[in-house]
There are 2 protein chains.
Amino acid sequence: MDKIFLEQSKCPIKKTLDIIGGKWKLRIIFQIGSEIRRYGELRKLMPDISEKMLIQELKSLVEYGVLSKKSYHQIPPKVEYNLTEKGFKLIPIIDLMKEFGAEN
Amino acid sequence: MDKIFLEQSKCPIKKTLDIIGGKWKLRIIFQIGSEIRRYGELRKLMPDISEKMLIQELKSLVEYGVLSKKSYHQIPPKVEYNLTEKGFKLIPIIDLMKEFGAEN
DNA sequence: ACAAGTACTTACCTTTAAGTAGGATACCTA
DNA sequence: TAGGTATCCTACTTAAAGGTAAGTACTTGT
């Protein structure tokens, strides 16, 4: 982003915030990390998030290509989530934010 | 943050988001960068932000110790903002986000 | 009088994000 | 029947964030 009159529609920071903004997304990404996680696992790791929000945010992250979702055709349902290559690019951001939050 | 049952009140990512979350803060920090900026300067650099939001977010960032505000006792009013040492620690985060947004 | 400069405040409204509660699917077991 | 498994949806409500418009202060110039 050039600091001179760049329209907000072209701002890469805005673009990133569109993808990962909000209360829960970065924490979801962090909890998945390099693992393959199931829905119920995430629920246990993040007891404070509502079902509705977890599902909503997982879905959004899948749509943005940050997460990959693998569904198994079975009952009870089985779904697995993992970071895509694109998702992994967010890890350094998360690490820096974790560090900043721990120190400040 | 340990990935096991850490209360959200202790989550460093949450703590960082408390400080810099929202639509405008990171972009304000970016526009100030290593400079000393006046209110009116920021308005020109960020024509899309409302006066109310700019002032509100500047104030918040000052309260969180990310920005330093210097007021001159004069008319017309003159106020300058610059990043604190703490604020500078956010620059690598912003850079990474800029990069991510530009590529994705 | 009005306009310009600079930086802010306030009341109210609109939009967005998050939360609550109830419900759904299909199969199995007691 | 009830309860369990696992994942998800929907309607509605609440909370939070962002926006709009009008106003403030003081000085100087037209």
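Residue numbers start from 1 in every chain, and the chains themselves are labelled A, B, ... in the order their sequence lines are given, proteins ahead of strands.
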*So how far is it from A/Glu99 CD to A/Ile94 CD1, rounded to the nearest 0.5 Å?*
13.5 Å
*In Å and rounded to the nearest 0.5 Å, what is the CZ to CE distance from B/Arg37 to B/Met46?*
11.0 Å
*Quick one: does NZ or CZ of A/Lys78 land under 6.0 Å from the six-membered ring centre of A/Tyr72, within 45 degrees of the ring axis?*
yes
*asked:* Nearest whole Å is fine: how far is C/dT20 P from A/Ile49 CD1?
replied: 12 Å
*How close or far is atom P of D/dG18 from atom CG of B/Leu54, stated in whole angstroms?*
13 Å
*asked:* How long is the straight-line distance from CE of A/Met97 back to NZ of B/Lys14, given to the nearest 0.5 Å?
replied: 12.0 Å
*asked:* I'd like to know if the side chain of B/Thr84 reaches the main chain of B/Val66, judged simply by a donor and an acceptor atom lying under 3.5 Å from each other, with no hydrogens or angles considered.
replied: yes
*First locate atom CD1 of A/Ile28, then atom CD of A/Glu57, and finally report the distance between them rounded to the nearest 0.5 Å.*
5.5 Å
Any protein N or O atoms within reach of nucleotides 15-18 of chain C? Criterion: under 3.5 Å, listing atom names and distances.
residue	atom	partner	partner atom	Å
C/dA18	OP1	A/Lys23	N	2.5
C/dA18	N7	A/Lys52	NZ	3.2

Can you pull every protein N or O that's under 3.5 Å from an N or O on nucleotides 1-7 of chain C?
residue	atom	partner	partner atom	Å
C/dT6	O3'	B/Arg38	NH2	3.3
C/dT6	O3'	B/Pro77	O	3.2
C/dA7	OP1	B/Arg38	NE	3.2
C/dA7	OP2	B/Gly40	N	2.7

_Quick check: closest heavy atoms across A/Ile36 and A/Glu80, and the distance to 0.1 Å?_
CG2-CB, 3.6 Å
_Separation of D/dA6 C1' from A/His73 NE2 (nearest whole Å)_ = 15 Å
*Rounded to the nearest angstrom, tell me the gap between atom CZ in A/Arg43 and atom C1' in D/dC8.*
11 Å
*Interatomic distance, B/Asp48 CG vs D/dG18 C1' [rounded to whole Å]*: 14 Å
*Whole angstrom is fine here: how far is it from CG in A/Leu58 over to P in D/dA6?*
17 Å
*Kindly compute the distance separating CG (A/Asp48) from CH2 (A/Trp24), expressed to the nearest 0.5 Å.*
5.5 Å
*asked:* Without decimals, in angstroms, what is the distance between A/Leu61 CG and D/dC8 P?
replied: 13 Å
